[in-house]
Amino acid sequence: MTLYLFYFLSFLAVLSALMVVVSKNPVHSVLYLIMTFFAIAGHYVLLNAQFLAAVHVIVYAGAIMVLFLYVIMMLNLNADTEPQKGKWLRVAATVAGGILMVVLVGALRSAADTLPVTAHDNQIGMIKNLGKVLYKDFMLPFEISSILFLVAMVGAVMLGKKEIK
Amino acid sequence: MFTPALIYIFILIVVIFSVTLVIAMYSTYAERKVAGFLQDRLGPNRAGPFGILQPVADGVKMFMKEEIIPDVSNKWLFILGPSVAMATCLMTSAVIPFGSGLTIGGTFYPMQVADVNIGILYVFGVVSIGVYGIMIGGWASNNKYSLLGALRASSQMISYEVAMGLSIIALVMMTGTLSVREIAAGQPGGHWNVLYQPLGFLIFIICAFAETNRAPFDLPECETELVGGYHTEYSSMKLGFYLFAEYINMFISAAVISTLYFGGYNMPFIGRFITDPNTLSLVGTAFLFGKIFFFIFFFMWVRWTIPRFRYDQLMNLGWKGLIPLAILNIFLTGLGMWFFGKVG
């Protein structure tokens, strides 16, 4: 059952990720990207990481993608108004993308053999365990990343101000 | 495959689903009756005794209307919009405990579809997805008023989600759990969370008004400025879905408020009169629905009493009023827990 779910979610994730790139209408692209995020959240649930799944949906699908959609709707990009790229650019993009894929596959192939084989702790995704790990073992990185967020927030507010006195 | 637990869950889902729909249906009737009462009118009284069949008549009318999909609209997204709005608002009730549970044949069956250990986050996740229904519908209509309504709705909902999340953090700090069931069970007797979190509750209920697009925050469908807001182009049952989703959201918000802040299915002193656990559980469910009905009435009461905000006032209230207050509330809760120890 879980295996079938895994295959279904993976298929959905890959397909919708492809559709993000392929579809001409930017709004469709955003909607497919949201679908990709949902499929990935489903993978988190399969790994018993419910907290991660919920936060993933709230932050990425619920907040960031809404802002994406917001901007794209405001700009009102359409297939008609969008400048279409030339033929040669398409060929070049395909070749470059294909070469990148070859490199990635080559890099990941050797990495698959060196993965550490450890017993999977299936309770690690539960919120209590996750909180303990975050606040005990990774206290400093956690705090530093929150300062990073604070800096980004202050920067955004500064940029958003009409004039700096 | 078909274990009794699975069959029980299936029955529970069907019951909650139909109860939600019936309550939402009769909320439309109640809204008009309450509006009539507050404005010294009679309200609907033609269909059946006291107009009790009015929602049925409205439903038939909605289905019989001609269905128009505008030629310039994006057809798939135009249909997807109301579907998403309806689907998301029906998903939230999965984590709400509608009672402590029933013991049938020695097995305990909780009156809740799924007790996930991140229950509140699940509610937030579904609420944050709900905005897509309005956004997609508003954009796909290819109408300026619809687009403006959709943009208003999305920015309003995103802004108030922040304050809502922050007000819940104080509650979670106090109860020490994210499971809705444990929060409900942790308020026995009269120890309702609202007594310990009055400020948090105030912020939460204001945000609930904004999230459900109810007056005084119903700017996405502000008819004096935007014709019909995001559903200007919608007709027939698609329009019905949007309107209906609002009433379901109201019911769900009332249920979440009652569960998180007003003890859920708990009622003080009731344990003294009834000893049988099954009866007690059913009485608890009745009390929960009493609380839910009160909050639905409260939603209507406010709608027909307070005039609509202006959009900049709404944004100022959200970002400059509620979010700092919610952060202050977290700080005060921390101080309280530091001095008096953990409550409960």
Side-chain angles (χ1 to χ4, degrees), chain A residues 1 19 23-35 37-38 40-42 44-45 48-80 123-132 150 153 156-157 160, chain B residues 1 72 74 76-78 80-81 84 88 91 95 114-142 144 146-159 161-162 164-165 168 172 176-179 182 211 230 319:
Chain A
M1 184 71 185
M19 290 305 288
S23 52
K24 288 229 165 97
N25 191 330
V27 172
H28 289 182
S29 285
V30 171
L31 294 177
Y32 279 119
L33 193 54
I34 295 164
M35 226 159 93
F37 282 140
F38 269 105
I40 291 171
Y44 286 141
V45 172
N48 218 1
Q50 300 170 353
F51 178 72
L52 208 55
V55 170
H56 186 77
V57 167
I58 294 173
V59 173
Y60 284 97
I64 294 181
M65 291 324 287
V66 171
L67 293 180
F68 263 60
L69 204 56
Y70 196 97
V71 171
I72 286 175
M73 283 178 181
M74 287 292 261
L75 296 176
N76 203 16
L77 300 172
N78 285 321
D80 324 322
Q123 291 300 309
I124 191 66
M126 291 291 153
I127 183 153
K128 268 210 171 101
N129 305 328
L130 195 71
K132 275 185 182 141
L150 191 68
M153 221 156 83
V157 171
Chain B
M1 185 71 193
V72 287
N74 190 321
W76 279 104
L77 295 185
F78 192 78
L80 187 69
V84 169
T88 50
M91 273 163 68
V95 294
D115 181 22
V116 282
N117 71 347
I118 43 137
I120 295 184
L121 292 180
Y122 172 84
V123 173
F124 273 95
V126 174
V127 166
S128 62
I129 298 309
V131 68
Y132 285 117
I134 294 176
M135 277 188 96
I136 293 172
W139 182 78
S141 305
N142 205 351
K144 288 190 179 64
S146 303
L147 183 66
L148 275 175
L151 292 180
R152 276 187 177 190
S154 53
S155 48
Q156 169 180 337
M157 284 171 89
I158 283 197
S159 308
E161 243 166 53
V162 179
M164 202 177 203
I168 281 294
V172 171
T177 176
L178 281 173
S179 154
E182 282 172 36
E211 290 285 327
Y230 58 88
W319 287 99

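By convention in this document, chain letters (A, B, ...) are assigned in the order of the sequence lines, proteins followed by strands, and residues within each chain are numbered from 1. Atom set for the values below is all heavy atoms of this structure, side chains included, hydrogens, waters and symmetry mates excluded.
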task = Considering only heavy atoms and a distance below 4.5 Å, find which of Leu67(A), Leu69(A), Val66(A), Val57(A) pairs most often with chain B.
result = Val66(A)
task = Heavy-atom distances under 4.5 Å only: say whether Thr177(B) touches chain A with side chain, backbone, both or neither.
result =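 Looking at Thr177(B), nothing touches chain A.
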Under 4.5 Å from a heavy atom of chain A, the part of Leu151(B) involved = both
request  = Look up atom CZ in Phe68(A) and atom OH in Tyr60(A), then write down how far apart they are to the nearest 0.5 Å.
outcome  =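 Answer rounded to 0.5 Å: 10.5 Å.
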task = List the atom of Ile136(B), the atom of Leu77(B), and the distance in Å for their closest heavy-atom pair.
result =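 Minimum heavy-atom separation between Ile136(B) and Leu77(B): CG2-O, 3.4 Å.
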task = Give, as side chain, backbone, both or neither, the part of Ala61(A) having an atom under 4.5 angstrom from any heavy atom of chain B.
result =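 Contact with chain B involves both backbone and side-chain atoms of Ala61(A).
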ask   = Listed by chain and number, what are the side chain to side chain donor-acceptor pair (under 3.5 Å) partners of His56(A), not counting sequence neighbours?
value =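 Applying side chain to side chain donor-acceptor pair (under 3.5 Å) to His56(A) gives none.
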task = Could you pull out all residues at least two apart from Glu211(B) that satisfy side-chain contact (heavy atoms from CB on, under 4.5 Å)?
result = Val127(B), Met157(B), Tyr160(B), Glu161(B), Met164(B)
